[in-house]
Each structure stands twice: as C-alpha cells, then as structure tokens.
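The structure appears right after this line, and notes come after that.
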Amino acid sequence: GGAVADNHGKKFGFGHTATPEELSQFVSPLPDGRGLPKGSGTVMQGEKVYTQHCLACHGANLEGGIGDRLTGGRSTLVNNDPTKAPVKTVESYWPYATTLFDYIKRSMPFTQPGSLSNDDVYAVSAYILHKANIVDANAELNQDNLAKVDMPNKNGFKPAGR
Amino acid sequence: GGAVADNHGKKFGFGHTATPEELSQFVSPLPDGRGLPKGSGTVMQGEKVYTQHCLACHGANLEGGIGDRLTGGRSTLVNNDPTKAPVKTVESYWPYATTLFDYIKRSMPFTQPGSLSNDDVYAVSAYILHKANIVDANAELNQDNLAKVDMPNKNGFKPAGR
Amino acid sequence: AKTGAAHAKAPPGAIERTVFPDPTKAQGVGVGVDDGGYGFRSQFETEVRWRFGTKTTESSWSMTPLEKSQGIITPSGLHYERHHGGIATIDPTKHMLYIHGMVDEAKKFNMQDIRRFPFMSRICFLECSGNGLTEWIKPTLKTVQGTHGLTSTSEWTGVPLSTLLNEVGVKSGGKWLLAEGGDAAVMTRSIPLEKAMADCFLAYGQNGEAIRPEQGYPLRLVVPGYEGNMCIKWIRRIEISDTPFMTREETSKYTDLMPDGSALQFSFTMEAKSVITYPSGEMLLQRPGFYEITGLAWSGKGLVKKVEVSVDSGKNWREAKLHGPILPMCHTRFSIPWEWDGKEAILQSRCTDETGYVQPTIKELVAQRGTNGPLASIYHLNGIQSWKVAATGEVSNVHHY
Amino acid sequence: AKTGAAHAKAPPGAIERTVFPDPTKAQGVGVGVDDGGYGFRSQFETEVRWRFGTKTTESSWSMTPLEKSQGIITPSGLHYERHHGGIATIDPTKHMLYIHGMVDEAKKFNMQDIRRFPFMSRICFLECSGNGLTEWIKPTLKTVQGTHGLTSTSEWTGVPLSTLLNEVGVKSGGKWLLAEGGDAAVMTRSIPLEKAMADCFLAYGQNGEAIRPEQGYPLRLVVPGYEGNMCIKWIRRIEISDTPFMTREETSKYTDLMPDGSALQFSFTMEAKSVITYPSGEMLLQRPGFYEITGLAWSGKGLVKKVEVSVDSGKNWREAKLHGPILPMCHTRFSIPWEWDGKEAILQSRCTDETGYVQPTIKELVAQRGTNGPLASIYHLNGIQSWKVAATGEVSNVHHY
Ligand code: HEC
Ligand code: HEC
Ligand SMILES: [Ca+2]
Ligand SMILES: [Ca+2]
Ligand SMILES: [Ca+2]
Ligand SMILES: [Ca+2]
Ligand SMILES: [Ca+2]
Ligand SMILES: [Ca+2]
Ligand SMILES: [Co+2]
Ligand SMILES: [Co+2]
C-alpha cells in the first residue's frame, strides 16, 4: 500500500459550497497586488496607529524591542563576517510591500491580531515604509498602489532549488 | 536490519554474579517438586491459616467470593452445554499440587502477598487439598511429599500445538 | 504537570484551556506555560480505557478504545491493561533482574547494566488471549472496545533476551524459562527457550520513552506474537529449567478447556485476527452513501497477507487495502470503500496471514473447542466479528456465520 | 485526570504514587483508580521539552529531549513545538477548512466532512528548518536536545490533500497554494501544487489519537520532507493561485541569506541529516569499555541508505546498523558498537540518503552559505555533529571538521 490514499477515481461531494461572502473574511494579497482589500491610509494616519498599537513593542524609532526591528540595515546584507549580524528588516530585506500589509493584517498587533481595519493597516504600512525611506512623508497607500512600492531588496531573492 | 540486535559475538560482562543467598529469596517449584522450599504443615494448621487469612475472600466452604472458588466441580469439565459453566477449581482442574503451593506463596493472601511462612503455605495447601477430597484430614505436606499428591485432573492437559 | 485547577474540568489526559470565540483574534497558550514541558491531549477528546467490572480493581483489565484508533500505534495512555495485583510502582534505580537456574553463571542486572547492551526496537502488537471472552456464545459487549479492546500496538525498545541468556550461558538441557514479575501478583509464566532465543526481548522503552508503569516499568518481557500474559511486566527474575514450571497462569488460567473435559495447554500463539473498527458497535451512520470501512488485522505468526471485507453477511468478499507499514506480528491497518445503500447490512472482515492461515468464523471455533458453558472456553477467540448496520444506520454487535 | 494533589509532587506527565519498599508485598494501583482511564508516564521519568528563551512564550519553540529518545516514535507529549501566536484552543465541532481561489467550486469542510474521506497514515519526521541555528559559528548549546531537538517523528493520519483538491477541482494555471492557520499568527505558507498533489496530507491523527493541540488540533497540513514551518497547524484555509503568495514566513523568515547579500527562497527540503543521541552532550561515560553508540538519521528526500560513524575525528568511518522500520522521510534509528579505550575521542555520524546525497560537514555548509554573522545563516544546518568524549568520560558539543 502506498502512503497516499486512493480516491477511488471520483468526487465524494462532501462539504458545502463556500459563498463569496464567507470567503470575504480572508485576506491574502499576492505580490502583484491581486487580493488586496479596498482601503487606504496615509503616513500621518499610520503614525497614530503605530504610536497607539505598535510602538510599545517595536520602539519609538522602529528599532525593535519585544517585536522585530523594522527599519535600517541596508548595505549590511553583503557580509561574511562571523562577528557581525546582517540587519534584516522590512527596509533592508523584504522584497514586497504586499507582504507587510498581509502580515500586519493577520498577525499584528501581536496581542490583538486581526483587530485593525484595512485603512489602519494601509496607514501603518505607509508609516513603516516611510520611516524606512521607501515612501514619501505624504504618501497614501491603497489597494491599487501598494504593490507598486519599490522595495530596496526586491531583487534579492532567488529560488533555492533545494 | 533484523529485529533482534546483534550481540557482536561476545559476552559483555555487564551485571554481577548473583549469590545463592540472593537467589534464596525466590521460590518457584517445578511440578516434580524440585525447588520446593523446606517446610511442612498439616490440614489442621492449615484450617487456622485459612480461617484467618483466606476465608474472607474464598468463603467458609471454599465456595469463593471476591476470590475464586477452590473446591468442587469434578465431573463438570466434560460439557458442551452453552447454558452451564464447568466448575474449574483446584479440585477439579489443577494438575499439580506444586502449583497451589507456588501460587499461594507468591500471590496470596491477595492484599498481603508473600506474607505467609513456608510452613503456613504447606499447611493451607494441605487444608485446601483436604477440603477438595484429595488428601486426608491428618495429612501433613512438605517439600518431599507435595509433588506426590495425586491431583484428580493430572492427566487433563495436553499441549495445544498452536 | 499543572495542578488541580487546570485539570478539574478537562477529560483524563487533558488540561482545560480557554476557548476563544475566534482563535485568530487572541494569543494562544505560550510554550510550556501550562504543561510543564510534557504535552496533554486536547480537552475535546474524551475516549478512555474501559475497565471490565471484575471483583477487584487490582486483578482487572481495561480495554483500548479501538473505535477511535487511527493508524497502527496505540497512544501509550490508552494501551490496554491486565493486572493481577495492581500497577506496581518501582524505583528503577532499585530494580534488579536475576537470571539463574540451569546457567553457567547466575547473574543480576540493574537497569543501568541492561541499558548498556545493544538494543533493539520493534513495533508489534500485544493481545491478551482473553480478548473477546464475552463473545463466544452470543454477542455481549456493545462496542469494539469491549469485543476487541485487549490488543494494542507500541514501538517497544529493549534488549534481546538472547543477549542476556548468552551472558549467563544456558546449560545444555535447559529448555524452558520462568519469567517472574516484581508486582504484587509476582506473575509467572514459562517460556520455551527456543522462543526466548528467537525473538523475545526485555523492553524498557515504549513509543519513544520509558515503558509506562501499567505496562511494566521499568522492564517488561515481550514475547512477540504470543499471548499477552506471557509478556511479564515489572520482570525481576528469569530461571532456566528443563521443564515448564506449571504455574497457576498456565494451568488454572490461560488453558483452553475442550468439550471432552481435556484442556489445551501452552496455546501460545495469538492466531490471525481482524476487526472492523469503523463502523462498529454503537455508532450511527447518519445517511446512506460513501463510507471508508477501516479496521485492524494482526497475526502472531507473522505478516498479515490479506484482509477481505464482506458487506453482505459473508456472501461476497472484497480485498481491502493494507496501509503501510506492514510489519510482522503487528497491527496492520486496512480499509475499503463502501457505498451504503441504506438497507440493513452485515459487515465482516477476514484476515489471512503469511502462513496461509485464514481467520475462522466463531462458528468454526465453537465447533472445534465447544462453547463449554458461559465463559468456559475463554481464550483465543479470533473469530470473524460481525457488525450489523440497521436501516436506521445504527451499528450493533451480532453473531452471524 | 486526577486533580492537583496527585500531581503535585510528580514530574510533568506523571502522577505521584506510593512507592513501597517491596512492590511484591503490597497491592499496586488498581485499574483506572487514579488515572481516569488515560495513563501517565512514570513518576521517575523527568525529561521535558525545553523552551528556547525567545522574548515571548507565544512566539517560541520547544525542543524534543533526543538524548532520551528510543526507537523512532517521539512521544506526543515530547514532540517539538514552534508557535508564532501560542497554542490555539479550537473546538473541533466549530472548525472549518475553506478551499478556494483557482478552483472550479470553492468549498468548505467541517471536521466530520474531512473524516469521511478515505484516509492515510504515515510515519514521518517533521523538522523545523531552524533546527541547529545556534550551531553555525561555534558549538553553543550543550545537549542534543538543544542542537537537534527541533525534529520529531509521529504516525500521522489524515486525508491526502490531493483528495480535497480533486474535490474542488483545481483550475488549469493553478500552481501554488496558500495554507493558512487558524491560530493567532494566522500562519501562512505557499506550497507548490505539485508537492501538494504528490504527498501532502491533512492530519487529524497523531500516534493513534487526535493530533495534539500544540501540533495543530484539530487539523494540520503535513508536507513530508519539507521544512516544518510549511506544515501549517490549525489549518483553516487553502487558496490556490498561479504564483506564490510571498508571505512573511517565506520572505522575512525561512530564507537563507548568502554572503553576497542575495537570499535563497523556497529552500523547502530538509536534506539528509543524522546525529548521535547517545553518547551526547553533557553525558558522562563512567568507565572505558563497550558502548552501543546510537542516533537518528533522516532525509527529506526519501530513505536513509547508510549511516557511517566515526569515533576518531572523522579519520575512519564504519557503517552503522540501521534498525527497522526504515521508512522514507522518517527518522531511522542507527547504532554501532564501540569499545572506548578511555582516551579523548570525537564521535560523528554521517548520513547518506537514497539519492546518494551525503550529509556535509558544517565547514562545507559554511563554505557554501557563509556564516553571515551571528544567527544570519539561520536555517537548514544539516552538518555533521561532533561530540567530544574527554578522557574523564565527559561528553561535550564541539566543532570538528
Ligand atoms: C505586544 C508586542 C507587539 C505589538 C504591540 C506589535 N508587535 Fe509586531 N511583532 C511582535 C513580535 C513578537 C513579532 C515577531 C513574531 C514572530 O516572529 O513570531 C513581531 C513582528 C512584526 C513584524 C515582522 C518583522 C519581521 O522582520 O519579520 C512586523 C512588520 C510587525 N511586527 C509590525 C507591527 C505593527 C505594524 C504593529 C502595530 C499595528 C505591531 N507590530 C505591534 C510584537 C509586537
Ligand atoms: C482479599 C481477598 C483475598 C484473600 C484474603 C485471599 N485471596 Fe485468594 N484470591 C483472591 C483473588 C481476587 C484471586 C484471583 C486473582 C487473579 O486471578 O488475579 C484469588 C485466587 C486464589 C487462588 C487461585 C484460584 C484459581 O482457581 O486460580 C488460590 C488457590 C487462592 N486464591 C488461595 C488463597 C489462599 C490460600 C488465601 C489465604 C492464605 C487467599 N487466597 C486469600 C482473593 C483473595
Ligand atoms: Ca528581523
Ligand atoms: Ca476458578
Ligand atoms: Ca479522540
Ligand atoms: Ca459478534
Ligand atoms: Ca525517561
Ligand atoms: Ca558541533
Ligand atoms: Co493460550
Ligand atoms: Co528553507
């Protein structure tokens, strides 16, 4: 007997149709922006969100604490010095801005995951990306322009092939 | 790899020699009487032991209670009537008297196993065998004669071959 | 482990944790916060071993809830039990195994000594030869836990008995050995030396950790494929002899009384057997349609070669799929698809092992051994089990030949 | 389970029972008397999972005490953990799995639906790709629990993912799927559709009972041979797409930064690895003489073909015995006899898998991937482990190439 069960060549018909309404509770954008929910937020709005919901763990200067450091570290990635750690942050390492929206939306704030509105998530993403010197102070991010944010390390990844 | 470990063709020498003294704590007679410890006991002595240590569970007439019935049941073994149970007891079923000594010695009284002296175990065995109409009222059993007790069902067993 | 409060409301084996309306919106329980570093099962799982109502709890048995079984491993906490003097509590630093009798040198081994020898592991079943004893004459217990729950499978780890026997040097003429437990029953059984040398082992491990207390901690004899009673728990002594010791457990008990009044002794092998665990007694099939029938098959003689399943009272048999790994003297999981048409049906499974032995019907067993009165032919009931699915979907234990 | 009093003095996973001076002279504990029908381990056993000291207990990990491991099965209570939002507590009657995206019909399945499908069981290892992350630059953690304890083996039971994907009908062009957890981290990973169809499955069973809470109760994705993080726990959703989702756990984390500043992504396979679990770090060999060296080997690419062991710093290698069962993508137990002469020795093991891939030295791995600073080359350290046995018998973690 093989490890994988035999489906006896047929559909079983178990389960039920999932309605678009049910599926609308889920958010998982693709790197090209498909799947981003409607909404928008500015850097300034994001600063408020950050101060209220994120600062305690990620620091006043996004330098990290209980949560990861979020900015800085460009130019530290090329490194083979066993005494120095490369600084991998949203700014230096993350290839896609959609990942930032996605991750904050699902997992942050750590102790109240899923509590922020889409607008707040766009806003705080904009704030972080601004503090990372990636978007302007007056940037507003939304479902149409988030995927176009030019991430410094966007070409930094290649498939491992293992 | 087979299921059994390879002993790499040698003795390991782990463990220590067990002295005769250490081994003297163990009792496990063979059906021919080898291994029976020294001692003896009469039916009358056995009645006292039984009354004090066994009766509560095996009954005033050895008819059983919390513990098994110990006597009776000869002639019930030949039976294929699904409504009647054959009565399997020391009297009707057990092929060797040494087993009785051995079992009482190791396991009884149920709540104080191993508490009886060898003499007491010979005695209570004699008592049970007497109530089973196997030995006389004035019988004394000891390491030399116990194995010679003629059990009614001594020829009742054959190897299953499976 | 956590103290009372956490356990109070939870089923055995679990701790009570807060259930949030949406588990994605509140942090879960932190690592090691409430389990002390040794995890529990879910508080939503409730199956437990079921004790058969013997007169004392110390000489009693409990049965594995096979209706909940998955795969082949039995969770250690649900492994069946059969004790004759309760579960011994043994300090492993004080435990000693003596080997003596017809040997060149009588020796004693503490647990450290035993762990120094080359070890082996083996995934195999144990089965009490009393498994099914209530089912000879008429269907009696209602679930597969009751009819078949005196068998379980673990990965056992320990030392081959042959290694230790080699260490003491068995004298020529030595043919049998007595294995003696260190519990209140000081349980004893005689084991043929040939079997001892072939594949018996002394297990100190079970499913990757120390053998559980109720399975003989710190050391248990495993006699693969033979009746569970021979697998002496809390083993403290082995004595080699030229004849069997004729202990109470191989004369008064664990012998098979035949209708002619003679009794079969040393019926060691647990012969090929199988049982459908799903659907099984007391379950309810909620609607007609597809069901994946599944169950367990095993043989004390080696590998399960084939399991056939009938859904029409034994008229037609189809070969079930055997799920891997298929190991000798080990539970083997089988399954087969079934479209239930909503009508009454009798489900049966039949195991064939590598020797060609085919699991008999209960009727065939009774023809050989007799019923011999309530509970008289007690041991080795390996007959085909029948489950009736009523038109209502209710599943029940029946006899059907 | 028993309440506080019984647990109070016992180690995690055990209950305190009376220890009599001679256990053959006093009745033991009756069946079900103090365990509620779900057994505990012995009160004399103390090994527990060890939590790595991350900043929060909810995003943290705990490691299996491999130095105590026996055979191949990991006791469920000691299976390693890695959570990003704590252990979710999920009522299985309320749990739902959604499958949508590039499918013919988006569907949802409750646990009852999922259990109706034909099932499969598989004994296989899981390994966090962060296993060994402290060991790149210098020997850091002292025991094999610390260096290698993020891998464990269970018998998993569940539904092939292919069955469910067939049920919804993947649209042509569908190449990746997102697996999403129902925990507070709402953990997500992208899985290649080809792998999903080949051998992934949704496990609801672990070692014969329901999957444990910390392993994803009631449902977990198992991606055999791939990094443990992909085996999404508490899985609630699968979305099919034409490209990977580039989630945080496959960009920010679980990628391998190289010295040139580029990073390898989707380094899925847990490549061949082995480690000696006895003797291992912090143990003490009490005297020269015979030791049965033992350990575990595994490969995400299939079967372990060969394990060689060196006791002289890698100068000479001898082939170890592989204990059965030897299963693909599963821990395989190996052992080899060793006569210790009482002099300093370096013990190493080296695994070769069925593809011919040979476990590299840490030096070879560093040459390829760089050390890249403390904890920067984090994942996929499958280099040869070295244990030094000092002349005193003390065993310690060293780097030796
Ligand atoms: C109570 C502490 C806490 C709060 C509040 C918090 N975070 Fe976090 N954050 C964490 C922790 C801990 C992690 C790492 C989690 C892990 O890796 O499992 C994290 C990780 C992150 C990451 C990923 C960093 C990386 O390099 O992978 C981002 C981005 C982030 N947080 C953003 C936010 C934002 C935005 C907010 C507020 C809306 C927020 N966090 C609030 C603790 C917190
Ligand atoms: C507290 C109860 C109790 C007391 C006291 C007790 N027994 Fe028992 N006896 C039992 C039980 C229970 C069993 C069955 C144990 C088992 O099968 O696991 C038993 C079994 C036996 C058997 C085996 C019967 C058979 O058919 O296999 C013999 C013989 C026996 N007892 C003799 C004695 C003697 C002699 C004494 C006193 C010296 C004694 N018992 C005291 C409870 C008791
Ligand atoms: Ca970081
Ligand atoms: Ca009786
Ligand atoms: Ca269950
Ligand atoms: Ca029946
Ligand atoms: Ca232990
Ligand atoms: Ca090392
Ligand atoms: Co038998
Ligand atoms: Co990887």
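Predicted, not measured: the structure shown is a model, and the values here were computed from it. Residue numbers begin at 1 in each chain, while the letters A, B, ... track the order of the sequences.
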Engaged part of C:Trp61 at the chain D interface, taking heavy atoms whose separation is under 4.5 Å: backbone
Just checking, any donor-acceptor pair under 3.5 angstrom between side chains of C:Ser121 and C:Thr157? yes
Identify which part of D:Tyr278 has an atom lying under 4.5 Å from any heavy atom of chain C, answering side chain, backbone, both or neither. neither
Among D:Arg82, D:Arg333, D:Arg116, D:Gln43, single out the residue with the greatest number of heavy-atom pairs under 4.5 Å to chain C. D:Arg116
Looking at side-chain heavy atoms only, is the closest gap between C:Trp234 and C:Leu219 below 4.5 Å? no
Would you say the ring centroid of D:His323 lies under 6.0 angstrom from that of C:Phe119? yes
State, yes or no, whether a side-chain contact exists between D:Glu214 and D:His83 at a heavy-atom distance under 4.5 Å. yes
With a 4.5 angstrom heavy-atom cut-off, which part of D:Ser59 approaches chain C: side chain, backbone, both or neither? neither
Going by the side chain to side chain contact (heavy atoms under 4.5 Å, CB included) test, name the single residue among C:Glu47, C:Glu45, C:Arg41 that passes it with D:Tyr38. C:Arg41
Interface residue of largest heavy-atom contact number with chain D, from C:Thr74, C:Asp22, C:Ile90, C:Leu327, under 4.5 Å: C:Ile90
Best-contacting candidate, D:Glu155, D:Lys25, D:Glu58, against chain C by heavy atom pairs under 4.5 angstrom: D:Glu155
Please rank C:Lys94, C:Arg236, C:Gln286 by heavy-atom pairs under 4.5 Å with chain D and give me the top one. C:Arg236
Per-residue contact mode, C:Asp91 against chain D (heavy atom under 4.5 angstrom): both
Side chain, backbone, both or neither: which part of D:Asp183 has a heavy atom under 4.5 Å from chain C? backbone
Heavy-atom pair count under 4.5 Å with chain D, highest-scoring of C:Pro65, C:Gly32, C:Gly208: C:Gly208
Scan D:Arg212, D:Arg51, D:Arg49 and name whichever one has a salt bridge (charged side-chain N to carboxylate O under 4.0 Å, His left out) with C:Asp35. D:Arg49
Between C:Val31 and chain D, with a heavy-atom cut-off of 4.5 Å, which part of the residue counts as in contact: side chain, backbone, both or neither? both
Under 4.5 Å, counting heavy-atom pairs only, tell me which of D:Ile123, D:Ile72, D:Val186 racks up the most with chain C. D:Ile72
Between D:Gln215 and chain C, which part of the residue has a heavy atom less than 4.5 Å away: side chain, backbone, both or neither? neither
Against chain C, work out which of D:Thr54, D:Ile211, D:Thr24, D:Val48 has the most heavy-atom pairs shorter than 4.5 Å and name it. D:Thr24
Note: vs chain C, highest number of non-hydrogen pairs under 4.5 angstrom among D:Gly71, D:Ala88, D:Pro75 is D:Pro75
Which atoms of C:Gln27 approach chain D - backbone, side chain, both or neither, heavy atom under 4.5 Å: both
N/O donor-acceptor pair under 3.5 Å between D:Thr64 side chain and D:Leu78 backbone: yes
Does C:Arg115 count as lying over the ring of C:Tyr204, i.e. NZ or CZ under 6.0 Å from the six-ring centre, within 45 degrees of the axis? yes
Is any side-chain heavy atom of C:Glu67 closer than 4.5 Å to one of C:Met283? yes
Chain C: which of D:Ser154, D:Ala26, D:Pro92 shares the most heavy-atom pairs with it under 4.5 Å? D:Pro92
I'd like to verify something: which residue of C:Ser62, C:Pro218, C:Gly182 has the highest number of heavy-atom pairs under 4.5 Å with chain D? C:Gly182
Under 30°, 30 to 60°, or over 60°: which ring-plane class applies to C:Trp50 and C:Phe52, parallel, tilted or perpendicular? perpendicular
Answer with yes or no after comparing the ring centroid distance for D:Trp156 and D:His79 against a 6.0 Å cut-off, counting only values under it. yes
Measure C:Tyr291 against the heavy atoms of chain D and call it side chain, backbone, both or neither at under 4.5 Å. neither
Tell me whether C:Ser42 contacts the main-chain N or O of D:Pro213 through its side chain, where contact means a donor paired with an acceptor under 3.5 Å. no
